[in-house]
Structure formats: C-alpha cells, structure tokens
Protein chains: 2
Amino acid sequence: MTDTFVSNPSFFKLDATLKRIRNYWQKTFDANKKDITVDQWLLIENLYKHKKITHNELARLTSKDITTVSRIIELLVKKELVVREGSPQDRRKVYLQLTPKGSDKYKDVRPLVLDMRKTGWSGLTEHDYTELTRILDAIYQNIP
Amino acid sequence: MTDTFVSNPSFFKLDATLKRIRNYWQKTFDANKKDITVDQWLLIENLYKHKKITHNELARLTSKDITTVSRIIELLVKKELVVREGSPQDRRKVYLQLTPKGSDKYKDVRPLVLDMRKTGWSGLTEHDYTELTRILDAIYQNIP
DNA sequence: TAAAATTAGTTGCTAATGCAACTATTGCTA
DNA sequence: TAGCAATAGTTGCATTAGCAACTAATTTTA
C-alpha cells in the first residue's frame, strides 16, 4: 500500500456517506410523521427480531455503548413502545420487550426503510454489496 | 437487487465500522496525550490545507453542519489552535486560520494518523480502496 | 463462609449532530 | 432609494456517543 494511498481520506468518506444516509432516513421519518429517530429505529428493529433481551445484549447487537442504549430505551419507554421487566433469576438484569404499540411501530416503519435501502443501492449489484461488506469487515478486523 | 439483499443492514455495518475507527483514533490520540478529538483533528487538517477559509467553506469541506463547525472552532480557539478574523470587505464573514501552535499540532499529530490509516488498510489492496470509494460514492449520489 | 472480583445498569460530564429561530450584514429589485 | 430576499454566523434545544464513577447484585476465591 503506497503512501499516497494511505493519505487518502477514507474515514472522511465513510463519515460523509453515513451522515447523508442518516439525514435522508431522518427526513423521511419526519416527513411521514413516524415520530422516531434513526437510532431509535435500530433498537426497535433488534427488539422485534430478538423479542426479549437485556440492555447489554442490545448494546452488543447494535454496536452501541450500553449507556447510549440505556438512554435511548428511556425515550422509547416514555413513548410506550418498549417495556422494561426485571429478571427474578438475576436481579441485576432488566429484560426489554416491544409493547404491542412498539410492534405496530415496527410494522408501520419497516416499508419505508426497505424503500430507502432500495434507493440507496439502486444501480449497484449484489457483488458490490458483497465487496462493501468484505472491505468494511476487513477494516473492522484490522483495528486493534 | 433482490429483497433479501435490500433487507441486509448495510447502514448498520457502516455505522459500526466508523464507530470502531473513531474509537481507535480517539484512544490513540489520548494515549499519546494529543489533547484533541477526532473531529477537531478533521478541522485542523482542513485548515492546514486551505490556510484561510470561512465557517461555511469549512463546513462544506468536512460535510459538517455549520453550527457544528462553529462550536468545534470555538473549542479550538479556546485551545489557541485557531484564530478568527473578521473580513473587512464583508462584515458577515469570519475567516479562520491555524495559529503557529495549531500548525505545530497538525505536524505533531499527522504521523499518528498516517500510521492508523496504514493499520486499518493492512492486508487490503489499492483496488479495494478504489472499490470502496466507488461504492460509497454511488450510494452517496443515489440519495436524494 | 467472608472478602474480593465480576457483572448489569444508571448518572454525570463533555463532545458532536442537526433543526429552528434569531441577529447582522449584504445584495437585489420594484 | 426603500424594502425585501439572501447570506454568514450564533444560540437554544433534543439526540447520540463514550468515558468515569457509582450502586446493586451475583460469582469467585481464599
């Protein structure tokens, strides 16, 4: 790998792309009055798939800090989309679950998300997706 | 593009990779007592390259909101790494410039950044870099 | 079994993000 | 030229991020 290559700002491009996607998603949520943020959506998506998990597990699944998860969940509880339920076996643990309202929110928002993913990937191939995944995974693994 | 493909969480992977990189950079800055954040570095890097620019131009160059730039600059001014200088021609404009201390900071931190980029890309080829750039640019352009 | 270490989660703090609303200045236009 | 629109930047607000320090509960170990 040459020096000119190394000096190229890939971090910046990653950051810029992600910000653009995040912004597009948020604007679409807002325009459709979904009353939800992008990261709140990510948590709801994972809670829908995994039914009943703890803050810690949700943090691992979403690559978020547990403090961040804790605070986003706080907001979702206030919106009555999530309930917390202490574990009787291990009283340190708190299980999280979508409420019926939370499940409805998931089903309501999901089509929008699929549409936006389609938009982002239009003109690109499955091979492109494989390549992106491979390269990002490699970078991820390279970092100590 | 198939539906299974579209439902794959590329946003999440981008987010996770970027967070990992950012975290690695910040920890390296901290371990070497550089007293700087990743985004503060990005602004310093751009100010070093462009010498004398406004908040607006810096925002465009870094893909940041102008309010974000304004506040990060505030911190850099407090650290005496940047000076603000009003334009006599257009009194709305404020030009930004690195102080000598700011230039020194750039030269001091830059080797660390080059090293970290090398680490992130180890085992990958220039073609991989080209592919990543191409795919991210395509996604960026796809977003309305 | 008592003490120490680990684990789950919360709270305080600082920073980055982006929208809306605001001030100040400049440019445009009727 | 008076008035309106556009531009540059700041401030207020809510959200996400992550580290450190903390409480509470459980597990390990001496």
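In what follows, every chain begins at residue 1, and chains take the letters A, B, ... in the order their sequences are listed.
Looking at residues two or more places apart in sequence or on another chain, you find a side chain to side chain contact (heavy atoms under 4.5 Å, CB included) between Pro144(B) and Tyr24(A), Thr119(A). Take Arg92(B) and apply the salt bridge (charged side-chain N to carboxylate O under 4.0 Å, His left out) test, not counting sequence neighbours, and it matches Asp90(B). Under the rule for a side-chain hydrogen bond (donor to acceptor under 3.5 Å, both in side chains), Arg71(B) has no partner lying at least two apart in sequence or in another chain. The side-chain hydrogen bond (donor to acceptor under 3.5 Å, both in side chains) check on Asp15(B) picks up Arg22(A), Lys19(B), with sequence neighbours excluded. The side-chain hydrogen bond (donor to acceptor under 3.5 Å, both in side chains) search around Asn32(A) returns none, not counting sequence neighbours. Residues passing the side-chain hydrogen bond (donor to acceptor under 3.5 Å, both in side chains) test with Lys34(A), sequence neighbours excluded: Asp108(A).
The CH2 atom of Trp41(B) sits 15 Å away from the P atom of dA16(C) (whole-angstrom rounding). At whole-Å resolution of the value, OH in Tyr24(B) and C1' in dG18(D) are 19 Å apart. Here dA8(C) presents its C1' atom at 16 Å from CD of Glu85(A), a figure rounded to the nearest Å. Regarding Arg20(B), its CZ atom lies at a distance of 12 Å from the P atom of dG18(D), rounded to whole Å. dT17(C) atom C1' lies 14 Å from atom NZ of Lys19(B), rounded to whole Å. For Gln89(B) and dT7(D), the CD to C1' distance is 16 Å, given to the nearest whole Å. Arg91(B) places its CZ atom 15 Å from the C1' atom of dG27(C), with the value rounded to the nearest Å. The interatomic distance linking Trp25(A) (CH2) with dT17(C) (C1') rounds to 18 Å, in whole Å.
Residue pairs meeting the salt bridge (charged side-chain N to carboxylate O under 4.0 Å, His left out) criterion with at least one partner in residues 57-69 of chain A, sequence neighbours excluded, are Asp39(A)-Lys64(A). Each side-chain hydrogen bond (donor to acceptor under 3.5 Å, both in side chains) pair with one or both residues in residues 93-104 of chain A, not counting sequence neighbours, would appear here, but there are none.
Of the candidate nucleotides dT17(C), dG18(D), dG18(C), dG18(D) has the atom lying nearest to any side-chain atom of Thr68(A).
Side-chain contact check for Thr130(B) versus Thr133(B): every heavy-atom pair is 4.5 Å or farther apart.
Near DNA chain D, meaning a heavy atom under 4.0 Å from it, residues 135-144 of chain A has no residue at all.
The side-chain tip of Lys13(B) does not point at the ring of Phe11(B) from less than 6.0 angstrom away and within 45° of straight on. Seen from the ring of Tyr48(B), Lys51(B) counts as a face-on cation partner, given the 6.0 Å and 45° thresholds.
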Let me have the donor-acceptor pairs involving side chains of residues 73-86 of chain B, under 3.5 Å, with sequence neighbours excluded, atom names and distances please.
{"from": "Glu74(B)", "atom 1": "OE1", "to": "Arg84(B)", "atom 2": "NH2", "distance (Å)": "2.3"}
{"from": "Lys79(B)", "atom 1": "NZ", "to": "Asp35(B)", "atom 2": "O", "distance (Å)": "3.1"}
{"from": "Lys79(B)", "atom 1": "NZ", "to": "Gln40(B)", "atom 2": "OE1", "distance (Å)": "2.7"}
{"from": "Arg84(B)", "atom 1": "NH1", "to": "His55(B)", "atom 2": "NE2", "distance (Å)": "3.1"}

Hey, what are the protein-to-nucleotides 9-15 of chain D N/O distances that come in under 3.5 Å?
{"from": "dG9(D)", "atom 1": "OP1", "to": "Val94(B)", "atom 2": "N", "distance (Å)": "2.9"}
{"from": "dG9(D)", "atom 1": "OP1", "to": "Val94(B)", "atom 2": "O", "distance (Å)": "3.2"}
{"from": "dG9(D)", "atom 1": "OP2", "to": "Asn56(B)", "atom 2": "N", "distance (Å)": "3.0"}
{"from": "dT10(D)", "atom 1": "OP1", "to": "Arg84(B)", "atom 2": "NH1", "distance (Å)": "2.8"}
{"from": "dT10(D)", "atom 1": "OP2", "to": "His55(B)", "atom 2": "NE2", "distance (Å)": "3.4"}
{"from": "dT10(D)", "atom 1": "OP2", "to": "Ser70(B)", "atom 2": "OG", "distance (Å)": "2.2"}
{"from": "dG12(D)", "atom 1": "O6", "to": "Arg71(B)", "atom 2": "NH2", "distance (Å)": "2.7"}

Write out a two-atom table: protein N or O, nucleotide N or O from nucleotides 1-3 of chain C, distance below 3.5 Å.
none

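Contact annotation: Lys64(B) side-chain N/O to dA16(C) OP1/OP2 distance is not under 4.0 Å. Phosphate contact (OP1/OP2 of dC19(C), side-chain N/O of Lys27(A), threshold under 4.0 Å): present. Here Asn23(A) does not reach the OP1 or OP2 of dT17(C): none of its side-chain N or O atoms lies under 4.0 Å away.
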